[in-house]
2 protein chains.
Amino acid sequence: MRAGSPRLLREINDRAAIEALLRNGPLTRSELEGLIGLSKPATAQLLTRLETADTVVRNGLRGGGRGPRAQLWSVNGALAHIAAVDLTPETVDIAIADISGAVLTEHKAPMPAKHGVLEAFVSAVGKACGQAGLHSDQLLHVVVGCPGAVNPANGELAYAPHLPGWSGFDMPGRLREQLATSVSVENDVNLVALEEMVAGRATEVSDFVVIWPADLVGAAVVINGVLLRGASGGAGEIDGLMIPDRAAADTDTDRSGGTYGELLSNASICKLARAHGLAARNGHGAVRKALAAGPAGGEFMVDLAKRIATGVASVVAVLDPELILLSGDIAQAGGTTLNDLVAAELRQLVVPRTPLQLALVTGKPVRSGALHSALAVARETVFGLPAATTAPFRGPVVAGSPR
Amino acid sequence: MRAGSPRLLREINDRAAIEALLRNGPLTRSELEGLIGLSKPATAQLLTRLETADTVVRNGLRGGGRGPRAQLWSVNGALAHIAAVDLTPETVDIAIADISGAVLTEHKAPMPAKHGVLEAFVSAVGKACGQAGLHSDQLLHVVVGCPGAVNPANGELAYAPHLPGWSGFDMPGRLREQLATSVSVENDVNLVALEEMVAGRATEVSDFVVIWPADLVGAAVVINGVLLRGASGGAGEIDGLMIPDRAAADTDTDRSGGTYGELLSNASICKLARAHGLAARNGHGAVRKALAAGPAGGEFMVDLAKRIATGVASVVAVLDPELILLSGDIAQAGGTTLNDLVAAELRQLVVPRTPLQLALVTGKPVRSGALHSALAVARETVFGLPAATTAPFRGPVVAGSPR
DNA sequence: AAATCGTCTGGAAAGTTAACAGACAGGAGC
DNA sequence: GCTCCTGTCTGTTAACTTTCCAGACGATTT
């Protein structure tokens with residue numbers, strides 16, 4: 001901890017004002033006073049200073065009350081732009097926004113199966129930038145959300161068998177070269193968690209976990225309002241967790257050493273469904289049929305809930321979070337029925353009575369999360385706002401990320 | 001985030017000075033200047049102000065060099081006192097320290113098995129206080145380290161079957177009444193982790209886990225340099241983790257659903273030892289015999305390592321920490337041999353190559369950890385120092401962070 | 001007439017730079 | 001071996017800068 005001169009006060013107050021303007025839209029001077037706690041002259045001086053520095057712009061007048069119309073102020077969005085990308089095996093979905101958070105344009109494009117993914121990606125980003133009247137090197141930062149996790153040591157994408165074209169090289173590094181701007185790659189479930197924290201079910205909690213039971217089980221861990229990435233980017237990669245199969249129906253799983261992912265793979269869930277007399281082609285299909293099938297389906301649901309809950313129990317035992325959110329196809333298909341079954345099983349396995357809820361997935365959670373993450377990085381770079389304060393999460397830390 | 005007037009600067013700078021004095025022992029004015037970055041007159045004024053407020057005291061002179069002998073300053077320890085207690089089923093071990101961290105006195109006393117634990121505890125603390133010339137109500141804070149975890153909702157001690165006399169009531173509340181001072185109860189493994197972070201193997205990392213394989217398996221989780229307690233105080237209570245028994249020797253465990261604690265209980269380890277032709281009465285005894293027995297013992301050690309590693313793997317999958325420390329009787333008895341076997345097994349179970357080390361347990365880790373914890377609380381209440389900053393491992397907190 | 005906006009003036013609080021007086025160790029000169 | 005000078009360090013004082021606050025004033029709108 002270091003001491004500071006009056007100059008430090010300036011910085012603190014400027015940042016407080018910028019943060020208030022970003023968070024609460026256009027404000028009059030007197031509203032800003034109330035929010036940051038400065039006096040009238042100090043606030044006026046601050047605004048004119050930020051205006052001459054181009055940090056802040058006039059944004060219309062507010063009338064209606066007595067007295068003269070008050071000047072409205074907001075942060076100059078044109079200071080910097082960012083891109084948020086949702087990358088799946090089939091498509092890229094891109095949004096370009098300015099630093100105020102306003103989305104300028106959107107663009108969606110298909111992705112090739114394996115070869116030429118990089119080229120397709122770069123051209124899609126180029127097109128989106130074009131629509132916004134920019135070049136990709138004018139972007140301050142790009143956040144890409146995708147399955148898997150980037151190892152901070154070498155930049156390689158791991159845990160992502162569904163994105164075969166992207167493995168074996170320094171993914172953020174290559175993208176940075178091609179786009180001529182700073183890029184970070186973030187796990188998609190992490191971004192969903194971010195979005196749940198900003199605008200979903202987790203706005204009121206600081207420690208929670210999003211669990212994504214699917215063909216590749218993933219989880220996002222948020223501790224103290226900060227996304228946990230892990231030393232090698234592998235936090236929340238619970239697919240490989242060794243857990244026993246506690247399902248009542250015997251499906252020939254190796255009861256002494258299956259992984260969580262194996263027990264929740266499409267193949268394995270279909271097998272379990274068959275053992276209960278249900279035919280399905282994938283996990284969420286099986287869940288949907290079971291829900292429709294009535295009592296017979298109920299037993300399958302209980303067995304599935306047992307499998308899901310056993311993994312959730314491991315997370316609860318280690319972290320004891322305030323809240324667990326279930327997300328993904330299977331959880332969505334199972335709805336509150338499955339959610340409640342898992343909650344009941346969980347209660348038998350661990351002491352803490354951690355509430356379990358369905359994620360509040362509306363719209364495009366991965367892309368929105370990427371947008372928030374990119375904004376946090378941009379605001380830290382441009383305004384020196386600590387990301388943890390701007391939004392209750394940290395931007396991704398990647399080699400070559402802006403300082 | 002709020003703005004601040006010059007008064008805020010005073011607070012920031014005072015706290016910076018106090019923190020520097022606490023951390024770096026007695027300092028001359030010019031040394032303090034260098035540490036906190038203030039000018040000579042400002043530092044001198046600051047010191048005289050803190051001296052008249054009794055916050056800081058003169059502490060001898062430093063001579064030797066050219067020029068006049070420089071005045072040495074340090075924080076006034078007599079401002080407040082704290083107690084640190086290591087509570088086990090058999091004994092209490094108490095240390096009384098002042099707010100500068102200097103230990104004034106120590107006291108150790110036996111504990112009754114079940115009845116009258118509260119009375120014995122209070123009288124031991126009273127005796128320790130007496131030795132230091134204090135009454136217990138003059139203590140600013142008391143931290144008690146013990147097995148188990150206190151549920152923040154009702155104050156009851158859970159996960160602590162070895163402390164039967166302490167369950168079923170609001171433990172910190174009752175102690176607070178009896179001692180007439182503020183009391184907090186902390187899990188013993190958590191305090192070991194704190195101590196490892198302050199002065200052990202984990203000084204350079206911010207995310208690590210201490211695992212305590214024993215009759216009651218515990219773990220402490222540190223994320224971002226902060227101890228994770230969990231929503232109901234149960235973070236790290238991995239005793240109930242459901243894991244498969246991967247040991248090669250068959251000991252009739254329920255392979256489809258044992259808990260981590262069952263697999264590492266004294267009884268279970270002895271059974272495993274017997275299956276390998278070793279007789280022992282408890283876990284660390286078995287390990288010691290196995291180490292002495294040569295090759296035959298080696299197979300037992302591998303099986304034990306498999307059991308330990310399976311639970312460690314769950315922690316790694318969820319958190320991907322920078323470091324895992326093994327502590328407790330069994331880990332100590334097994335030494336680097338067991339540590340390396342567990343590390344090898346772990347590498348086969350999870351992707352991250354998390355380093356595994358033995359905790360650097362010297363002296364009284366639980367009591368020292370409790371002392372650091374109590375000091376952090378005292379320094380926060382007396383000086384307004386954020387506890388996370390007091391500890392030497394956190395990055396600086398941004399000035400003007402929300403109050 | 002009342003309330004509100006924006007600006008201006010004077011003053012308080014905090015820190016910085018610069019200069020000065022005094023103290024002490026070390027070496028030069030005798 | 002003794003004396004005295006010099007350089008360096010401590011601690012204090014004074015003048016100036018930066019930043020914010022309280023209050024007053026004119027202008028504007030309902």
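Labels below follow one simple rule: chain letters A, B, ... track the order of the sequence lines, proteins then strands, and each chain is numbered from 1. The basis for the numbers below is simple: all heavy atoms, side chains too, and nothing from hydrogens, waters or symmetry mates.
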Measure [atom1]/[X] against [atom2]/[N] and give the value in whole Å, please.
X	N	atom1	atom2	value
I36(B)	dA14(C)	CD1	P	15 Å
W73(B)	dT10(D)	CH2	C1'	12 Å
E33(A)	dC21(D)	CD	C1'	11 Å
L72(B)	dG11(D)	CG	C1'	14 Å
E51(A)	dG6(C)	CD	P	12 Å
E11(A)	dC20(D)	CD	P	12 Å
L61(B)	dA25(C)	CG	P	12 Å
L32(A)	dG6(C)	CG	C1'	15 Å

Residues [X], [Y]: salt bridge by 4.0 Å N-O rule:
X	Y	value
K364(B)	E195(B)	no
R29(B)	E33(B)	yes
R58(A)	E51(A)	yes
R229(B)	E186(B)	yes
E19(A)	R15(A)	no

Please enumerate all protein N or O atoms sitting under 3.5 Å from an N or O of nucleotides 27-30 of chain D, with distances to 0.1 Å.
from	atom 1	to	atom 2	distance (Å)
dT29(D)	O4'	G67(A)	O	3.2
dT29(D)	O2	G67(A)	N	3.3

Exercise for review: Among the candidates dT7(C), dC21(D), dG15(C), find the nucleotide nearest to the side-chain atoms of K40(A).
Suggested key: dT7(C)

Check your understanding: Base, sugar-phosphate alone, or nothing: which one does S30(B) contact when heavy atoms must sit under 4.0 Å apart?
Key -> sugar-phosphate

**Study point:** Short side-chain donor-acceptor distance under 3.5 Å, E322(B) and S206(B)
**Key:**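 Yes, a side-chain donor-acceptor pair sits under 3.5 Å.
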
Practice item. Verify the distance criterion only: is there a donor paired with an acceptor across the side chains of H141(A) and T181(A) at less than 3.5 Å? Key: no

Point to revise | Inter-residue atom distance T43(A).OG1 - L38(A).CG, 0.5 Å rounding | key: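 It is 4.5 Å, given to the nearest 0.5 Å.
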
Check your understanding: Hey, what do you get for CD1 (I99(B)) to CG (N76(B)), rounding to the nearest 0.5 Å?
Key ->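 Answer rounded to 0.5 Å: 9.5 Å.
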
Check your understanding: Given that T48(A) and G37(B) both sit by DNA chain C, which one's nearest nucleotide is further toward the 5' end?
Key ->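 Mapping each residue to its closest nucleotide by heavy atoms, the 5'-most match is T48(A).
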
Check your understanding: At under 4.0 Å, does any side-chain N or O of S39(B) touch on OP1 or OP2 of dT16(C)?
Key -> yes

Exercise for review: Starting from the 5' end of DNA chain D, give me the residue, R29(B) or L46(A), whose nearest nucleotide shows up first.
Suggested key: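 Upstream on the strand: R29(B).
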
Pairs under 3.5 Å (N/O, protein and nucleotides 15-19 of chain D):
from	atom 1	to	atom 2	distance (Å)
dT19(D)	OP2	R10(A)	NH1	3.0

